[in-house]
Amino acid sequence: MDTHESTFPLIISVDDHTVEPATVWQDRLPEKYRGVGPRIVRAPVKEMTFLGGRFKPVMGEPGDDGPVGDWWVYEELRRPLTRLDTAVGYSRDEIKLEVITYEQMRPGSYDVPARLADMDVNHVQSALCFPTFPRFCGQTFTEAKDHELGLLCVRAYNDWMVEEWCGPEARGRLIPLTLIPLWDPQLAAEEVRRNAARGVRAVAFSEIPPYLGLPSIHTDDWDPFLAACDETGTVVAMHIGSSSRMPSTSADAPPAVGSTITFANCCFSMVDWLMSGKFEQFPNLKVMYAEGQIGWIPYILERADVVWEENRGWGGVADKVHRPPSELFAEHVYGCFFDDAFGLRNLDAIGLNNVLYETDYPHSDSTWPKSREVGEAQMGHLDPEVVERIVRRNAIELLGLTDDGLWDGTR
């Protein structure tokens, strides 16, 4: 581990990312599916834009002019690896929307020993990692035409995540986060239970499912999935962008607009959950918002309580939300941040037990390799035991880690 003298606790990051190795699905799918299942093709980029919260890449043909990169090919999908997927180690001015190859990315993005070494540099002990190619809740497989193949792809990813990414080589320092077949809540429940049986305690989900053409959480459609999470102690982890629509204001808004308001989907989602009645229906259910930051939470809780108190009669929630939303938040919801000095000055209004720390490696927003320094600067006014809870203890308790902050696959 990093030998820099510091009293700052070793970090447990609840939001990092893995870039899947090229062979994840080719090694695990039945042979008949390998020609249509996810695979890597090296090809030039013909066109690539990111406007109004929408990423639109167009792959050229081998031999065409244009920058060459590695592309995931799956059914009709063509999705390139980009510098935004793995930006750590590059200066801010070098981080642009451009295609890259595996050789052009930092090895810690996809290689376990290299990842552990980069965690050591960054004062990080353990990390929970979201996907890249499947997107943040596996919506890539939901959007595919062949759901039989999609289910096999979800299971193959989960097997790789548990057995290899978080396998013996990781020494308990990588914490598994699995996917579900979003198109079938009953199959989703089965996958939650399958993974919970091998010690998995977190599953990815969309912050706003209707943006994916799926039912909202105000319906009972998701109840089989939520019941499985409730029964197994599996945390529902929602990352910004897990609805495939980043917040924006217009079709021509530059990415900087969306980057400033990335928390907005988390904000909308949290109000959905607080007003859904699901936390009373499933009393053991826990949800977390990755990369949503926390400074916006106090006002939303204040407003939600006022609406519940004054307007629940006509607001459509009187028969299912029987307690103030702020109380439900305190028992069921976790906000995750990596750079939020304002939120840290308002912990009393959020709740010390409802805050988790993250580093966002290897994305462009990541605080790597200075996550400790950022934490020290922003948490310097807090008591050591408060810092310990934010940086480690809340994650240990939520994710069922050992007291030492490791995943052992049996808890």
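Quick caveat: nothing in here was measured; it's all calculated off a predicted structure.
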Evaluation steps, side-chain hydrogen bond (donor to acceptor under 3.5 Å, both in side chains), between Y289 and S269:
CA-CA 9 Å; Y289 289 102; S269 175; 2.8 Å; yes
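- Side-chain atoms of S250 and D252 include a donor-acceptor pair closer than 3.5 Å.
- The pair E280-K320 fails the salt-bridge criterion, with no side-chain N (NZ, NE, NH1 or NH2) lying under 4.0 Å from an Asp/Glu carboxylate O.
- Using cut-offs of 30° and 60° on the angle between ring planes, the pair F136 and F130 is perpendicular.
- Of all heavy-atom pairs spanning L328 and V321, the tightest one is CD1-CG1, 4.0 Å.
- Looking at R106 and D118, a side-chain N of the basic residue comes within less than 4.0 Å of a carboxylate O on the acidic one, giving a salt bridge.
- A centroid separation of 6.0 Å or more is found between the aromatic rings of Y357 and F338.
- Here the shortest heavy-atom pairing between P362 and H17 reads CD-O, 3.5 Å.
- For the 3.5 Å distance criterion, the side chains of E207 and S242 qualify, holding a donor opposite an acceptor.
- Within a 6.0 Å sphere centred on CD of E385, heavy atoms belonging to other residues, nucleotides or ligands number more than 12.
- Between the side chains of D27 and T23, at least one donor N or O sits under 3.5 Å from an acceptor N or O.
- Looking at E94 and R83, no side-chain N of the basic residue comes within less than 4.0 Å of a carboxylate O on the acidic one, giving no salt bridge.
- Classification of R115 and D120 as a salt-bridged pair fails, no side-chain N sitting under 4.0 Å from a carboxylate O.
- Classification of D85 and R79 as a salt-bridged pair holds, one side-chain N sitting under 4.0 Å from a carboxylate O.
- At a threshold of 4.0 Å, the pair E103-R42 counts as salt-bridged, since one of the basic side-chain nitrogens sits closer than that to a carboxylate oxygen.
- Atoms CD1 and CG, from I40 and D70 in turn, are 5.5 Å apart once rounded to the nearest 0.5 Å.
- Using a cut-off of 4.0 Å between Lys/Arg side-chain N and Asp/Glu carboxylate O, E331 and K286 are scored as not salt-bridged.
- Going from atom CG of N354 over to atom CG of N394 covers 7.5 Å, rounded to the nearest 0.5 Å.
- For W183, the ring pair (Phe, Tyr, Trp, His ring centres under 6.0 Å) partners are H147, not counting sequence neighbours.
- In this structure, the side chain of D340 engages the main chain of I294 through a donor-acceptor pair within 3.5 Å.
- For the residue pair S371 / N122, a side-chain donor-acceptor distance below 3.5 Å is found, with atom types taken as modelled.
- A donor-acceptor contact closer than 3.5 angstrom is absent between the side chains of Q293 and D339.
- The minimum heavy-atom distance between H363 and L84, with the atom names listed, is CD2-O, 3.7 Å.
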ring-ring contact (aromatic ring centres under 6.0 Å, His included) assessment of W25 paired with F133:
CA-CA 11 Å; W25 289 277; F133 169 69; 5.5 Å; yes
Audit row: F205, F225, ring-ring contact (aromatic ring centres under 6.0 Å, His included) steps and yes/no:
CA-CA 10 Å; F205 190 62; F225 162 65; 5.2 Å; yes
Run the side-chain hydrogen bond (donor to acceptor under 3.5 Å, both in side chains) test on T140 and R135 for me, step by step, so that the C-alpha distance in whole Å, both residues' side-chain angles and the decisive distance to 0.1 Å come before the verdict.
CA-CA 6 Å; T140 293; R135 309 215 299 281; 3.0 Å; yes
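- Between R392 and E397, none of the side-chain N atoms (NZ, or NE/NH1/NH2) sits under 4.0 Å from a carboxylate O, so this pair counts as no salt bridge.
- Taking all atoms of both residues into account, the shortest heavy-atom contact from A237 to L177 is CB-CD1, 3.9 Å.
- D16 and T359 share a donor-acceptor pair across their side chains, judged by distance under 3.5 Å alone.
- Distance OG1/T86 to OH/Y102: 10.5 Å, rounded to 0.5 Å.
- A salt bridge does not link R173 to D404: none of the charged side-chain nitrogens sits closer than 4.0 Å to a carboxylate oxygen.
- By the 30° and 60° cut-offs, the orientation of the rings of W160 relative to Y157 is tilted.
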For a side-chain hydrogen bond (donor to acceptor under 3.5 Å, both in side chains) check, start with the C-alpha distance between Q281 and D223, then their side-chain angles and the critical distance, and finish with the verdict.
CA-CA 9 Å; Q281 186 178 356; D223 286 3; 2.9 Å; yes
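- Residues P185 and L226 are not in side-chain contact: their nearest non-hydrogen atoms beyond the backbone lie 4.5 Å or more apart.
- Closest approach of C229 and V203 over heavy atoms only: SG-CG1, 4.0 Å.
- A donor-acceptor contact closer than 3.5 angstrom links the side chains of S326 and D305.
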Go through it in stages, so that I can follow the logic: the residues are E61 and K46, the test is salt bridge (charged side-chain N to carboxylate O under 4.0 Å, His left out), and I'd like the CA-CA distance, side-chain angles, deciding distance and then a yes or no.
CA-CA 8 Å; E61 296 295 326; K46 184 176 182 180; over 6 Å; no
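- Closest approach of I300 and C267 over heavy atoms only: CD1-SG, 3.5 Å.
- Y74 and R39 share no side-chain donor-acceptor pair at under 3.5 Å.
- Remark: R193 does not engage E190 in a salt bridge, criterion side-chain N to carboxylate O under 4.0 Å.
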